[in-house]
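Notes follow the structure.
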Amino acid sequence: MTERYIFGDEAGTPRFHLKDSRYFILTTVTRPDCSAGDALLTLRRQLAWEGIDTHHSFHATEELQPVRDRVFDVITALDFFIDATVFEKRKVVPRNRTSEAYFYQFAWFYHLKFLCEYKLTQPNLRLLVVPATLGERKRRREAFANAVRNVVAQVATVDDAQCAFWMGRSDPCLWLADYCCWALQRKWEHPGQPQPDLRSYNLIKSKVRSEYDIFEKGTMLYY
C-alpha cells in the first residue's frame, strides 16, 4: 500500500479583528516518507558542530537569517509538494466563524477536500494527516483536533486515513511545514510594506502545487 504523509501548519490566527492578521493561511507539505525530517535533524547537528545556536526546533520566525538560509538550502533540495489555502478573514461570513474551532474546521475542510478530490486519487493509498497543534490549553487542543478528525472522516477518499496531533517542535517534518508556511505568509501578509517579501517564497516556489485564495473573487467585507 502506498503511503502519503501530510504535515500542516498555519499562519495568522483564527481570530477576527482589524488589529489581527489579515489572512489565515493553511499550508501542508506532502511526502511519501519522513526522510525530510532526517535531513533537517542532520542540519541541526551540523550547526551545533559549527557552534551556531539555533531554536530548539527550526522555527522560522525565531531563527536568525543565517540559520534560515541554511534551512532553506536543505529544503530546496528535498522532494515534496506544498499546498496552501488562503483565507482573507474579513471576507469570512459570520456563520463560518462562530468559534475559533469552527473556523479551523471550515478551513481544513476546503483544504483537504481539494487535496482528496484532485491530488490524492491513486488506489491502495493510506494517509497520515499531522497538523501542528495549536495552543497550550488542553480543551482548545482537543477542539482543534476534533475539527480535523471530522474533516478527514468527511472528505478522505483513500483506503485508510489517520490523524496525529503533535506540537510543532516535536517532529522535524512539522519544521518543514513551518518554514514553507512562513515563506507564504511573508508573501501575503506585509502590513506597512509596499511590496511583499518574496525572498523565501521564491526559494520554494517550484514546490508549490496549489496556492488558492478562496475568496479572491469576493467583495463583501464583514468587519
Side-chain angles (χ1 to χ4, degrees), residues 1-11 24-41 43 57-60 71-87 104-134 144-145 147-185 187-188 200-214:
M1 184 172 285
T2 303
E3 294 180 347
R4 288 292 181 273
Y5 295 83
I6 295 180
F7 291 91
D9 199 11
E10 303 88 14
F24 183 83
I25 304 171
L26 177 52
T27 305
T28 55
V29 296
T30 303
R31 286 271 307 170
D33 56 44
C34 296
S35 60
D38 297 335
L40 289 172
L41 285 170
L43 173 63
S57 60
F58 284 135
H59 194 258
V71 174
F72 276 113
D73 284 344
V74 170
I75 287 174
T76 54
L78 299 173
D79 183 20
F80 63 96
F81 292 113
I82 301 169
D83 296 283
T85 307
V86 181
F87 302 83
Y104 188 73
Q105 181 168 325
F106 168 82
W108 270 97
F109 176 83
Y110 280 97
H111 186 81
L112 280 182
K113 187 172 187 292
F114 168 79
L115 290 187
C116 289
E117 287 185 356
Y118 298 105
K119 304 300 180 183
L120 298 167
T121 58
Q122 63 265 50
N124 299 318
L125 180 67
R126 68 176 184 170
L127 183 67
L128 181 62
V129 180
V130 187
T133 301
L134 286 179
F144 285 116
V148 176
R149 287 191 188 98
N150 290 338
V151 167
V152 171
Q154 289 180 67
V155 305
T157 56
V158 299
D159 294 310
D160 184 22
Q162 301 294 334
C163 302
F165 302 94
W166 304 326
M167 298 299 291
R169 62 179 176 267
S170 68
D171 191 292
C173 287
L174 287 171
W175 309 349
L176 172 63
D178 170 83
Y179 262 73
C180 294
C181 192
W182 182 83
L184 281 152
Q185 184 184 39
K187 172 188 173 181
W188 284 88
S200 299
Y201 176 82
N202 287 336
L203 295 174
I204 62 168
K205 185 177 180 179
S206 64
K207 303 180 187 300
V208 176
R209 178 170 59 178
S210 66
E211 184 179 353
Y212 180 41
D213 178 0
I214 195 168

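Not counting sequence neighbours, Phe81 has no partner by the ring pair (Phe, Tyr, Trp, His ring centres under 6.0 Å) test. Under the ring pair (Phe, Tyr, Trp, His ring centres under 6.0 Å) criterion, Tyr118 pairs with Phe114, not counting sequence neighbours. Qualifying side-chain contact (heavy atoms from CB on, under 4.5 Å) partners for Thr121, counting only residues two or more places apart in sequence or in other chains: none. Partners of Phe72 under the ring pair (Phe, Tyr, Trp, His ring centres under 6.0 Å) rule, at least two apart in sequence or in another chain, are Tyr179. Under the side chain to side chain donor-acceptor pair (under 3.5 Å) criterion, Asp160 pairs with Gln162, sequence neighbours left out. Ala145 is linked by a side-chain contact (heavy atoms from CB on, under 4.5 Å) to Arg149, Phe165, counting only residues two or more places apart in sequence or in another chain.
Looking at Arg31, its side chain does come within 3.5 Å of a backbone N or O of Asp79 through a donor-acceptor pair. Between the side chain of Asp159 and the backbone N or O of Asn124, at least one donor-acceptor pair lies under 3.5 Å. A donor-acceptor pair is defined here as one N or O able to donate and one able to accept, closer than 3.5 Å; such a pair exists between the side chain of Lys207 and the backbone of Leu78. Not a single donor-acceptor pair under 3.5 Å links the side chain of Asp178 to the backbone N or O of Asp9.
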Note to self: Quick one, Lys113 with Thr85, criterion side-chain contact (heavy atoms from CB on, under 4.5 Å). Give me CA distance, side-chain angles, the key distance, then yes/no.
What the structure shows: CA-CA 11 Å; Lys113 187 172 187 292; Thr85 307; over 6 Å; no
Notebook entry, point to check: How far apart are the C-alpha atoms of Phe80 and Ile75, what are their side-chain angles, what is the distance that settles it, and do they pass the side-chain contact (heavy atoms from CB on, under 4.5 Å) test?
Noted result: CA-CA 9 Å; Phe80 63 96; Ile75 287 174; 3.7 Å; yes
Next item on the list: Would you sort out whether Val129 and Trp108 count as a side-chain contact (heavy atoms from CB on, under 4.5 Å), showing the intermediate values?
Entry: CA-CA 11 Å; Val129 180; Trp108 270 97; 4.1 Å; yes
Note to self: The test is side-chain contact (heavy atoms from CB on, under 4.5 Å); show your working for Val130 and Asp171 and say whether it passes.
What the structure shows: CA-CA 10 Å; Val130 187; Asp171 191 292; 6.0 Å; no
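Here the closest non-hydrogen pair linking Cys163 and Val152 is SG-CG2, 3.5 Å. Here the closest non-hydrogen pair linking Val155 and Cys116 is O-CB, 3.4 Å. Summarising the geometry of Cys181 relative to Ala11, their closest heavy-atom pair is SG-N, 3.4 Å, with the distance given to 0.1 Å. Listed here is the closest heavy atom pair of Ala39 and Val74: CB-CG1, 3.9 Å. Scanning both residues, Ala132 and Leu174, for their nearest heavy atoms gives N-CD2, 3.9 Å. Closest heavy-atom contact between Leu176 and Ala36: CD2-CB, 3.9 Å.
Using a 4.5 Å cut-off on side-chain heavy atoms (C-beta onward), Gln105 and Gln154 make contact. Looking only at side-chain heavy atoms (C-beta outward), Glu10 and Phe87 stay at 4.5 Å or farther from each other. Using a 4.5 Å heavy-atom threshold, the side chains of Thr30 and Arg209 count as touching. A heavy-atom distance below 4.5 Å is found between the side chains of Val71 and Leu40.
The line from CD of Gln185 to OG of Ser200 is 11.5 Å long, rounded to the nearest 0.5 Å. Rounded to the nearest 0.5 Å, atoms CD1 (Ile82) and NZ (Lys205) are 12.5 Å apart. With rounding to the nearest 0.5 Å, the separation of OG1 in Thr133 from CZ in Phe144 is 10.5 Å. Remark: Tyr110 OH to Leu26 CG distance equals 14.0 Å, nearest 0.5 Å. Rounding to the nearest 0.5 Å places CD of Glu3 at 8.5 Å from CG of Leu128. Here the OH atom belonging to Tyr201 is positioned 14.5 Å from the CH2 atom belonging to Trp182, to the nearest 0.5 angstrom.
Just one residue in the list Phe7, Trp166, Tyr104 forms a side chain to side chain contact (heavy atoms under 4.5 Å, CB included) with Pro131, and that residue is Tyr104.
Heavy-atom contacts from other residues, nucleotides or ligands closer than 6.0 Å to NZ of Lys119 number more than 12.
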